[in-house]
Amino acid sequence: MRFIFKLSYDQDIRLAKHSGHVFWYGLLLMSLLLAPWVLPAYWSTLITLTMIYGIVGLGLMLLSGFTGLFSIGHAAFMGVGAYMQAVLTSMGWPFPIALLCSMAVSALVGAVVGLPALRVRGIYLAIATLAFAFIVQEVLVRWESITGGNRGLAVGMIDLFGWKTSSPTVFYYVCLILTILATLGVLNLLRSATGRAFVAIRDSEISAQSMGVNLARYKTLSFAVSAALAGLGGALSAHMLRFISPDQFGIVQSIDLLLIVIIGGLGSVHGAFFGAIFLIATPQAISLAKDFLPSALGQTVGLQSLVYGLILIAFVLFEPMGIYGRWVKIRTWFELAPLYRKGLFKRQKSFQKTERLK
Amino acid sequence: MSTGNLLSVQNLSVRFGGLAAVSNVSFDVRRGEVFTLIGPNGAGKTTVLNLISRIYQPTSGDIHFDGHCLTAMKPDAVAGLGIARTFQNIELFEQATVLQNLLIGRHTRSHGNFWQHLLFTPSVWEDERAAREKVEEIIDFLDLQHYRDTVIAGLPYGVRKVVELGRALCVEPKLLLLDEPSSGLNTEETNDMAFWIDDIRDDLGIPILMVEHDMALVSRVSDRVLAMNHGEVVALGSPAEVKAHPDVIEAYLGKSQDVSTLRRRRP
Ligand SMILES: Nc1ncnc2c1ncn2[C@@H]1O[C@H](COP(=O)(O)OP(=O)(O)OP(=O)(O)O)[C@@H](O)[C@H]1O
Ligand SMILES: [Mg+2]
């Protein structure tokens with residue numbers, strides 16, 4: 001069991017709260033740095049993909065998990081980022097600059113899509129984002145002169161100011177660096193006034209407002225940052241797959257992204273990455289398991305969707321805090337070993353506020 | 001401390017459909033006083049607070065605060081001017097800790113733009129430290145040390161009320177609006193609340209405009225009392241004067257005499 005003595009306020013402000021954090025995250029970083037050298041290439045590809053989805057998940061987590069605004073069209077922002085990146089790099093722009101531009105354009109689109117959020121919430125906002133996603137997909141299909149329509153678009157290799165490389169290892173490290181930067185950026189926002197304003201909006205708009213939070217400004221900001229991260233993920237996935245087409249950024253992709261944040265655990269940064277790991281690892285696990293299942297079941301089409309669906313339902317019913325919630329419980333169990341009691345995480349329902357002002 | 005009017009409400013009215021929730025209400029809140037609105041359920045007291053904090057748009061009338069006209073402002077700008085409030089039904093950030101809730105009270109006092117927050121520059125760091133120092137002052141003031149890292153969702157009602165008061169104090173307001181600070185509290189907690197209200201006025205020098213049903217508390221802490229009924233002003237004066245006013249007694253009881261036992265139960 002760890003006792004933390006707080007001697008200065010800095011301890012609460014710092015990202016690594018105690019030596020345990022430094023140790024474990026250091027270890028994680030070391031493993032990720034070594035991974036391409038020790039793991040088979042296929043595994044590094046999976047990790048790269050996980051990092052990319054982690055970045056997008058982080059963006060959606062900021063919007064849905066921390067600001068309480070749900071988007072079921074988030075893949076469209078990935079699409080905007082991916083196509084911007086494809087077009088700009090094909091025009092010979094260096095990779096980093098194209099990347100920044102793609103993020104900026106996604107952010108701008110995000111801010112515009114966020115406008116309905118200033119008026120509507122919940123399911124209505126979700127529908128507005130869905131409608132937007134359909135529009136984006138339609139534009140990608142129709143604007144053939146630029147997007148290549150349904151035939152899709154080939155994406156070049158990454159060009160770091162003249163140094164062109166298609167090495168998966170370099171790409172792995174590029175993704176690793178960007179993942180770390182994105183995570184640090186989000187963590188910084190969350191520990192500053194901006195992040196607190198997001199959380200305030202999520203929990204009670206009315207009192208956020210009366211504490212001086214400008215709802216329009218922060219909702220738009222949350223949408224923009226979230227879309228920028230989705231755009232970043234989209235641009236990276238374009239380079240990874242070397243080919244993009246409109247159907248990659250459709251409703252199915254959007255739902256996968258929602259799965260990331262819900263299964264990972266709404267309202268936690270860890271959750272975005274747990275969710276991404278889940279999203280990438282489950283199909284692998286299912287295809288491994290297929291060999292052991294009776295062929296009638298193993299060869300059924302739609303087995304994967306079925307398993308996803310069941311897992312999602314199980315989480316919503318039994319662990320609304322997602323994988324992160326489970327993780328916290330297991331960790332607490334180990335920390336408290338003999339003292340853990342069952343009701344520790346029970347939500348108290350002693351008082352429920354009324355909805356009168358809403 | 002300078003005297004004079006800090007807040008002045010003139011001929012304020014609001015209608016919800018056919019219902020005149022507040023009609024033609026005028027009053028002033030002076031610097032350094034506790035001003036209390038009383039009245040039976042549905043009298044329009046909360047509505048007056050909501051009009052001042054600009055959650056509702058008045059149908060007519062003016063609200064002036066510290067040289068600014070509030071009627072043309074957005075709710076978040078009102079907080080920026082230094083008006084902080086609590087809610088009748090407690091509006092805390094449920095999934096956050098007490099500390100995080102109080103820190104949100106510092107929102108209007110925080111500096112730095114989005115990019116500085118993103119990079120967490122040294123000035124932001126300094127800002128966070130300063131915010132924390134102020135929050136710790138309030139925690140000490142309200143004896144909340146024990147609950148600092150507890151999530152609101154797990155706190156008893158009485159503590160939530162205190163946290164909400166603390167969050168409003170973290171704004172370092174020039175005027176504090178309290179909507180029924182003692183409702184749902186037991187006798188001991190109500191007693192604490194009375195001491196805090198006194199201290200907020202006398203030690204922190206923050207004037208208070210509050211809505212309250214507990215007449216014992218009202219008489220104990222208020223400098224002036226305004227009684228309302230059906231959205232209209234019934235009486236204005238010292239607690240004793242208002243309590244003895246025949247119209248006030250009639251508003252509460254129809255006829256009878258004693259208003260001191262009228263306490264609200266937990267919502
Ligand atoms: N948003 C609204 N829309 C419609 N009617 C409203 C609204 N807010 C308040 N009212 C009505 O205005 C009247 C005054 O309500 P208000 O909440 O101000 O009463 P109150 O004096 O605070 O009463 P209580 O002691 O019960 O808190 C009530 O009849 C109420 O139903
Ligand atoms: Mg009321």
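Below, chain A is the first sequence line, B the second, and so on; all start at residue 1. No experiment lies behind these values; they were computed from the predicted model shown.
Listed options B/V151, B/N113, B/I104 were ranked by heavy-atom pairs under 4.5 angstrom with chain A; first place goes to B/I104. Considering only heavy-atom pairs separated by less than 4.5 Å from chain A, the leading option among B/L118, B/L177, B/V124 is B/L118. For the set B/E133, B/K74, B/Q100, B/R106, the count of heavy-atom pairs under 4.5 angstrom toward chain A peaks at B/E133. Contact count against chain B (heavy-atom pairs under 4.5 Å) is highest for A/R191 among A/R202, A/R191, A/Q209.
With a 4.5 angstrom heavy-atom cutoff, A/L221 touches chain B only via side-chain atoms. At a 4.5 Å heavy-atom cutoff, the contact between B/L99 and chain A is made by side-chain atoms alone. Of the two parts of B/S53, neither the backbone nor the side chain holds a non-hydrogen atom closer than 4.5 Å to a non-hydrogen atom of chain A. Both the backbone and the side chain of B/R167 come within less than 4.5 Å of a heavy atom in chain A.
In this structure a side-chain-to-backbone donor-acceptor pair under 3.5 Å is missing from B/K134 to B/V171.
Under a 4.0 Å N-O distance rule, the pair B/E164/B/K161 does not qualify as a salt bridge. Looking at B/E136 and B/R132, a side-chain N of the basic residue comes within less than 4.0 Å of a carboxylate O on the acidic one, giving a salt bridge.
Annotation: cation-pi pair B/R160/B/Y147 absent, no NZ/CZ under 6.0 Å from the ring centroid and within 45° of its normal.
Put simply, CD1 on A/I201 and CZ on A/F66 are 14.0 Å apart, with the number rounded to the nearest 0.5 Å.
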* To do: Go through the steps to decide whether B/E91 and A/S204 satisfy the test side chain to side chain donor-acceptor pair (under 3.5 Å), and finish with yes or no.
  => CA-CA 7 Å; B/E91 287 281 342; A/S204 164; 2.7 Å; yes
